[in-house]
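Read through the structure below, which is laid out as structure tokens, and then see the notes.
Atoms within a ligand are numbered from 1 in the order they appear, just like the ligands themselves.
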Amino acid sequence: MAQIEINEARIRAEFGELARIDSESFGEREMADRLKERLAELGIQAKEDDTAEKIGGNAGNLFGTLKGGLSGTPILLSGHMDTVAPGIGKKPVFHEDGTITSDGTTVLGADDLTGVIAILEGIRAVQEAEIPHRDIEILFAAAEEPFTRGSSEFDFSQMKAKESYVLDVTGPVGTAILQAPTILSFEAAVKGRAAHAGFEPEKGIHAIQTATRAIAALKLGHVDEETTLNVGLISGGSVVNAVPELCTCRGEIRSYSH
Ligand SMILES: [Zn+2]
């Protein structure tokens, strides 16, 4: 089988070029246009959906398919086009030791340009080595940083892939995140009844004692294999000589099962 050669100089040049494009969330127009050109060079006619108007941005999600010679369900490669702020006027600095940083006034935009470029270069390298592959679907999302606003509007019914690599995380090469928990935070308020703690405490209902009894009865930590529960904050009472009327607690639940 032919050897795949990743062209490092080409990656660095492409990063330098694309990182200079302003592409904050909801402002990915120029990046989307440039990526359409890049995908076209690879033989992918990417379509842009109508997400821009739905989310108040200026670019939609790009989706396209690269035909391969092999049969089988396509694989999806995905990344996002937007960066966090401050991301206007980015100037990547190439250091002698090989690292690339911003000039300190903006973000670098490596999130998620490194993922986008890895996808482009990976496909290029496979094509240059003339290695047969399955169909490859590409999704470059708009407005990922503000809680995946862009891909939330994407019509996934047009996608044939059942497995995907989303190149958008730091960590050692070769590792992947397989799942992420849902997080629910909660606040509970226990309302009792205030009373003077010395003269008539039996007329009060002790909010702090009630709340702490409830917390003591909870199973905290790992509730089951995929769920954790924590109460992290508690506050209540107002003065030392009164039965406290109110106690509030805040906590969170994390689980792989929403
Ligand atoms: Zn990202």
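- Ion pairing between Arg124 and Glu14 holds under the 4.0 Å rule for side-chain N and carboxylate O.
- Shown here are the protein N/O/S atoms lying under 2.8 Å from the Zn ion (ligand 1), water excluded: His80 NE2, Asp111 OD1, Asp168 OD1, Asp168 OD2.
- Linking ILVMFWY residues whenever their side-chain heavy atoms come closer than 4.5 Å, directly or via other members, places Leu167 and Phe15 in the same cluster.
- Of the possible donor and acceptor atoms, none in the side chain of Asp82 sits under 3.5 Å from a partner among the backbone N and O of Glu24.
- In terms of the salt bridge (charged side-chain N to carboxylate O under 4.0 Å, His left out) criterion, Arg213 has no residue partners (sequence neighbours excluded).
- Salt bridge annotation for Glu128-Arg10: present, with a cationic side-chain nitrogen under 4.0 angstrom from a carboxylate oxygen.
- More than 12 non-hydrogen atoms from other residues, nucleotides or ligands lie less than 6.0 angstrom from CD of Glu202.
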